[in-house]
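Scroll down for the structure; my scribbles are underneath it.
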Amino acid sequence: MDEDVRAGKLKALFDVLLVPHTHLDLKGLVSGFDPKFSPLLYTRTPDFPSHGTPTSSPDITGGLTWKGIGNIEEFVRAGGLLVTLGGASTLPLDGGIARDVRRARVKDLDTPGSHLRARFSRPDHPLGWGYRETTVVFREKLPVYDVRRSDRGRILLHYGTKPLQDPAFEGDDEPKDDGGAKEKKPEDPPLVVSGGIKGEKDLVGKPAILEIPTGRGRVLAFDFDPIHRYQTPAAFRLVWNALLNWNHLPAVP
């Protein structure tokens, strides 16, 4: 609960923190419910028997607070693994826990809820165990992030089917002089498997999963929700792979 995060000393209690998808922005995560509504209970009662499970709180107002964000950063720097799903990735990426990540410049990009092709940039990573090099993920309207070219080793999964080493991602997509020979290259599969997208060129090649070293720990930030309404079982294993291999993850390039 938020009060657990605010109390700190998280590394003494946990090896992994998993933050599920949320539609809250960073401000919403920090501030939470206005304390003027305190106390706002989340406990099991005869009227609401499902509340207070799997954990409860006598007062859920107040949010994580900036102190709580600092406690999460302390947890990661001490060797913990922070896994954030979908919108929750604003916590480490916009909150400053994971450095050297920026919001990507996009124009009119819209993924209202689309199944998109994605490619493992590091297919030997434990997160990709059990998957083919190209897979499909479900993405909603979320921010798009990016890293410097020298930090592309931090990208575990990216949108589209081209490898990150493709000239199209190097700003060099002009045809080369091949001595007059003309060979038609096979077309890449479309980005969209189902649903729709607007401005897809701004998304192709961008990170779908980032792995950012932070102190002695690391952040695994998903740019989509792999457990969307429990309706995307093909992506569940990405989360299980992270949890099962939390202490056997390779060094980040």
Side-chain angles (χ1 to χ4, degrees), residues 1-45 48 50-103 127 140-145 147 154 156 207 209-228 238-240 242-243 246-247 249 252:
M1 303 298 285
D2 288 351
E3 58 260 39
D4 300 319
V5 176
R6 294 193 295 261
K9 299 182 179 180
L10 297 170
K11 191 62 181 71
L13 302 171
F14 307 106
D15 296 309
V16 182
L17 292 181
L18 173 67
V19 188
H21 171 65
T22 176
H23 290 290
L24 294 175
D25 58 11
L26 182 61
K27 178 181 178 181
L29 289 170
V30 171
S31 59
F33 290 114
D34 195 323
K36 71 181 182 181
F37 298 113
S38 178
L40 188 59
L41 285 69
Y42 185 71
T43 56
R44 182 177 298 179
T45 67
F48 300 99
S50 64
H51 286 191
T53 301
T55 186
S56 62
S57 173
D59 186 6
I60 60 173
T61 63
L64 295 174
T65 72
W66 287 112
K67 179 183 178 182
I69 302 295
N71 289 338
I72 294 175
E73 180 176 17
E74 182 181 79
F75 161 83
V76 179
R77 291 192 170 277
L81 173 65
L82 175 64
V83 183
T84 56
L85 309 183
S89 290
T90 188
L91 175 63
L93 303 186
D94 293 327
I97 297 174
R99 298 179 180 273
D100 299 322
V101 180
R102 66 178 185 273
R103 289 280 187 111
L127 217 68
E140 298 178 275
K141 292 184 178 181
L142 291 170
V144 183
Y145 296 92
V147 294
R154 300 177 175 186
L156 295 183
I209 303 176
L210 280 166
E211 181 182 33
I212 311 295
T214 302
R216 292 189 285 115
R218 69 185 75 194
V219 172
L220 283 175
F222 287 69
D223 187 58
F224 60 96
D225 181 13
I227 312 181
H228 174 76
L238 293 168
V239 181
W240 311 150
L243 300 181
W246 68 270
N247 58 342
L249 298 177
V252 181

Who passes salt bridge (charged side-chain N to carboxylate O under 4.0 Å, His left out) against Arg103, sequence neighbours left out? Asp94
Of all the heavy-atom pairs spanning Leu82 and Pro92, show the shortest one and how long it is. CD2-CB, 4.0 Å
Arg6: side-chain contact (heavy atoms from CB on, under 4.5 Å) partners, not counting sequence neighbours: Asp2, Glu3, Thr65
Is it true that a side-chain atom of Ser89 and a backbone atom of Phe222 form a donor plus acceptor pair closer than 3.5 Å? yes
Residue pair Asn247 / Asp15, side-chain heavy-atom distance below 4.5 Å: no
Mark yes when over 12 heavy atoms from residues, nucleotides or ligands other than Tyr42 sit less than 6.0 Å from its OH; otherwise mark no. yes
What distance separates Phe33 CZ from Ile60 CD1, expressed to the nearest 0.5 Å? 4.5 Å
Using 0.5 Å steps for rounding, measure from the CG atom of Leu18 to the CG atom of Leu85. 5.0 Å
State the CD1-OH distance between Ile212 and Tyr145, to the nearest 0.5 angstrom. 11.5 Å
Is any side-chain heavy atom of Thr53 closer than 4.5 Å to one of Arg44? yes
Residues two or more places apart in sequence or in another chain: which of them pass side-chain contact (heavy atoms from CB on, under 4.5 Å) with Leu243? Val16, Val239, Trp240
Please lay out, stage by stage, how Thr43 and Phe48 fare under the test side-chain contact (heavy atoms from CB on, under 4.5 Å). CA-CA 8 Å; Thr43 56; Phe48 300 99; over 6 Å; no
Any side-chain heavy atom of Ile97 within less than 4.5 Å of one from Ile69? yes
Who pairs with Ser31 by side-chain contact (heavy atoms from CB on, under 4.5 Å), at least two apart in sequence or on another chain? Lys27
Between Arg154 and Pro213 the two heavy atoms that sit nearest each other are NE-CD, 3.9 Å
Sequence neighbours excluded, every pair satisfying side chain to side chain donor-acceptor pair (under 3.5 Å) that has a member inside residues 210-226: Arg122-Glu211, His125-Glu211, Arg139-Asp223, Tyr159-Asp223, Glu211-Arg218
Side chain to side chain donor-acceptor pair (under 3.5 Å) pairs, two or more places apart, involving residues 72-83: Glu73-Arg77
Kindly compute the distance separating CG (Leu10) from CG (Leu17), expressed to the nearest 0.5 Å. 6.0 Å
Value rounded to 0.5 Å, distance of CG in Leu91 from CG in Asp25: 12.0 Å
Least distance between heavy atoms, Phe75 atom then Phe14 atom: CE1-O, 3.3 Å
Closest approach of Ala242 and Leu81, non-hydrogen atoms and distance? O-CD2, 3.9 Å
Checking Asp59 side chain against Leu41 main chain: does a donor-acceptor pair fall under 3.5 Å? no
Which is it for Leu64 and Val30 under the side-chain contact (heavy atoms from CB on, under 4.5 Å) test, yes or no, and what are the steps along the way? CA-CA 5 Å; Leu64 295 174; Val30 171; 5.7 Å; no
Nearest atoms (heavy-atom pairs only) where Pro39 meets Pro58: CB-O, 3.9 Å
Going from CG on Asp100 to CG on Leu93, what distance comes out if it is rounded to the nearest 0.5 angstrom? 11.5 Å
